[in-house]
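These notes are about the structure you will find just below.
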Amino acid sequence: MASAALDVADLEVAYGATAVLKKVSLAVAAGEFVALLGPSGCGKTTLLRAVSGFVPVAAGRISVAGRDITHAPPDRRGMAMVFQSYALWPHMTTAQNLGYGLKLRRVAKPDIARRVVEILAMLKLDGFGERNVTQLSGGQRQRVALGRALAVSPELLLLDEPLSNLDARVREEVRHEIKALQAKLGITTIHVTHDREEAMVMADRIAILDAGRIAQLGAPEEVYNRPNSPFVAAFMGAGNVLALEARPVDGGMEIQPGAHNDGVRVPQLAIAGPVIAHFRSEAARLGPADARAEDRLLLRGRIVQASYPGGFYRYAVAVGDNQFMVDDARRLAVGAAVGIGLPVSSLHFFSRRKA
């Protein structure tokens, strides 16, 4: 199946006087799977629709394999999109839905029938060709929507949150199927999602959008372990935020002791003055309030709330006027005085002057 490199350069899109995309640039290699990730209103769906031709572009350039398609109509872009709603024809059978795009392209009936059989086998839908799509499960309908897009051999596959209507168990199963199929076919894919785990599992690279701009672009492990801003850190799960004071020392910096924390040395990072540290609930360790370790920042607090989401306990720990979420395998009493041990390697530091 053909694939294409996508190049978006300085793209601007506005709805009336409101700028939605602000000089967005993104290069996607042939065969690559890129996820557009971010909160509602960040511009990720607008970017996908601008690429597909459903949203007009105010400025910038979009090209596929070196071909300028910035102002080309959607049907001349060599792309196929899978929508959140699937957009299947309810009066048609599975086979008719799968072959619909080929019929519009005036492909011969025997060739359509042959291609439909191939797609049914590829998506493990053998035997469902003559069944009306309204008789299929949500996961099966999603496969039909994907198959209809793949049937026309697009240069670029665009996925607009196609898994959001599935229940959690089916969603997890289908995301792995889509990724395996994309890798097998080598098709260039852009996937819009607000689900961090979905992006991490499926994408080769993740573009995190914030207020119409790409805040960070990189491999899943890069944006997860090395967020470049407080926004990215929080969006990638490091939602606990701690205000601290730091001073530079040889080979790094030193966090100063405070009313509720001990000092600790942070190697290979130097920030002077006020800093914030982001950390994930699963990275923290609960222990005695007086426990100390050279490679950990210790916070002293008290458990104020406990819950059991499954497999571990989640605690809200009050530290001064702040509360932090911490996960622990043990059942601990609400009201207990505890220390939150934070390995230095698990903390994401940023200057408060830039936050």
Side-chain angles (χ1 to χ4, degrees), residues 1-4 6 28 30-35 48 51-53 64-65 74-166 170-193 198 201-204:
M1 180 174 289
S3 60
L6 171 71
V28 182
E32 189 176 24
F33 192 124
V34 171
L48 191 77
V51 168
S52 65
V64 173
D75 61 344
R76 298 295 179 86
R77 297 193 174 209
M79 302 177 186
M81 181 179 285
V82 179
F83 297 93
Q84 181 177 349
S85 62
Y86 311 148
L88 300 175
W89 294 107
H91 64 285
M92 293 184 182
T93 66
T94 297
Q96 289 170 333
N97 269 281
L98 289 173
Y100 187 73
L102 296 170
K103 181 180 178 180
L104 291 179
R105 288 164 173 77
R106 302 184 184 278
V107 176
K109 288 185 178 180
D111 293 332
I112 293 177
R114 188 162 47 250
R115 181 62 172 156
V116 167
V117 170
E118 290 175 358
I119 295 294
L120 286 169
M122 183 189 304
L123 297 176
K124 301 176 183 178
L125 290 172
D126 300 277
F128 289 90
E130 298 309 310
R131 187 174 298 188
N132 190 282
V133 291
T134 59
Q135 299 173 316
L136 303 180
S137 68
Q140 290 168 335
R141 292 184 194 185
Q142 192 279 333
R143 290 182 178 92
V144 174
L146 178 62
R148 183 180 58 187
L150 294 175
V152 299
S153 300
E155 293 179 283
L156 197 68
L157 178 64
L158 307 178
L159 306 175
D160 187 9
E161 301 202 56
L163 308 183
S164 60
N165 290 333
L166 301 177
V170 177
R171 186 165 63 244
E172 186 171 338
E173 176 183 323
V174 175
R175 69 170 58 143
H176 287 283
E177 290 180 359
I178 291 178
K179 176 57 182 175
L181 191 60
Q182 182 270 338
K184 177 182 177 181
L185 299 175
I187 187 169
T188 309
T189 302
I190 311 295
H191 179 199
V192 163
T193 181
E198 186 170 291
V201 168
M202 299 179 72
D204 299 313

Is Arg105 salt-bridged to Asp111, going by a charged N under 4.0 Å from an acidic O? no
Working to the nearest 0.5 angstrom, can you tell me the gap between Lys103 NZ and Lys109 NZ? 7.5 Å
Output the distance between atom CG (Leu48) and atom CG (Asp160), rounded to the nearest 0.5 Å. 5.5 Å
Do any N or O atoms from the side chain of Asn97 and from the backbone of Leu88 form a donor-acceptor pair under 3.5 angstrom? no
List the atom of Glu130, the atom of Thr93, and the distance in Å for their closest heavy-atom pair. O-CG2, 3.7 Å
Taking the side chain from Asp204 and the backbone from Phe33, do they hold a donor-acceptor pair closer than 3.5 Å? yes
Spell out, as yes or no, whether a donor-acceptor pair under 3.5 Å connects the side chain of Asn132 to the backbone of Pro90. yes
Mind listing the closest non-hydrogen atom pair of Glu155 and Ile187 along with its distance? O-CG1, 4.4 Å
Determine yes or no for a side-chain-to-main-chain donor-acceptor pair under 3.5 angstrom, with Thr94 supplying the side chain and Phe128 the backbone. yes
Residue that, paired with Glu173, satisfies salt bridge (charged side-chain N to carboxylate O under 4.0 Å, His left out) out of Lys179, Lys124, Arg143: Arg143
Please check: side-chain N/O of Thr193 versus main-chain N/O of His191, any donor-acceptor pairing under 3.5 Å? no
In this structure, are over 12 heavy atoms from other groups packed under 6.0 Å from Glu172 atom CD? no
Is a side-chain donor or acceptor of Arg77 paired with a backbone partner of Val51 at a separation under 3.5 angstrom? yes
If I compare all heavy atoms of Leu163 with all of Arg171, which pair ends up nearest, and what's the gap? O-CD, 3.3 Å
For the residue pair Ser153 and Arg115, establish whether any side-chain heavy-atom pair is separated by less than 4.5 Å. yes
Glu32 side chain vs Thr189 backbone, donor-acceptor pair below 3.5 Å: no
Test side-chain contact (heavy atoms from CB on, under 4.5 Å) applied to Gln142 and Ile178, step by step: CA-CA 10 Å; Gln142 192 279 333; Ile178 291 178; 3.3 Å; yes
Minimum side-chain heavy-atom gap Met92-Val133 below 4.5 Å: no
To the nearest 0.5 Å, tell me how far Leu159 CG sits from Arg175 CZ. 13.5 Å
Within a strict 4.5 Å, meaning less than it, do heavy atoms of the Leu150 and Leu181 side chains meet? yes
Which atom names give the shortest non-hydrogen contact between Leu98 and Gly147, and what distance separates them? CD2-C, 3.6 Å
Minimum heavy-atom distance Ser137-Gln140, with the two atoms named: N-OE1, 2.9 Å
Under 4.5 Å between any side-chain heavy atoms of Val64 and Met79, yes or no? yes
CG on Leu125 to CZ on Arg141, rounded to 0.5 Å: 13.0 Å
Presence of salt bridge, Lys184 and Glu177, under 4.0 angstrom: no
Heavy-atom closest pair, residues Ala149 and Leu157: CB-CD1, 3.8 Å
What is the distance from atom CG of Leu146 to atom CE of Met122, rounded to the nearest 0.5 Å? 9.0 Å
side-chain contact (heavy atoms from CB on, under 4.5 Å) assessment of Ile190 paired with Val28: CA-CA 9 Å; Ile190 311 295; Val28 182; 3.7 Å; yes
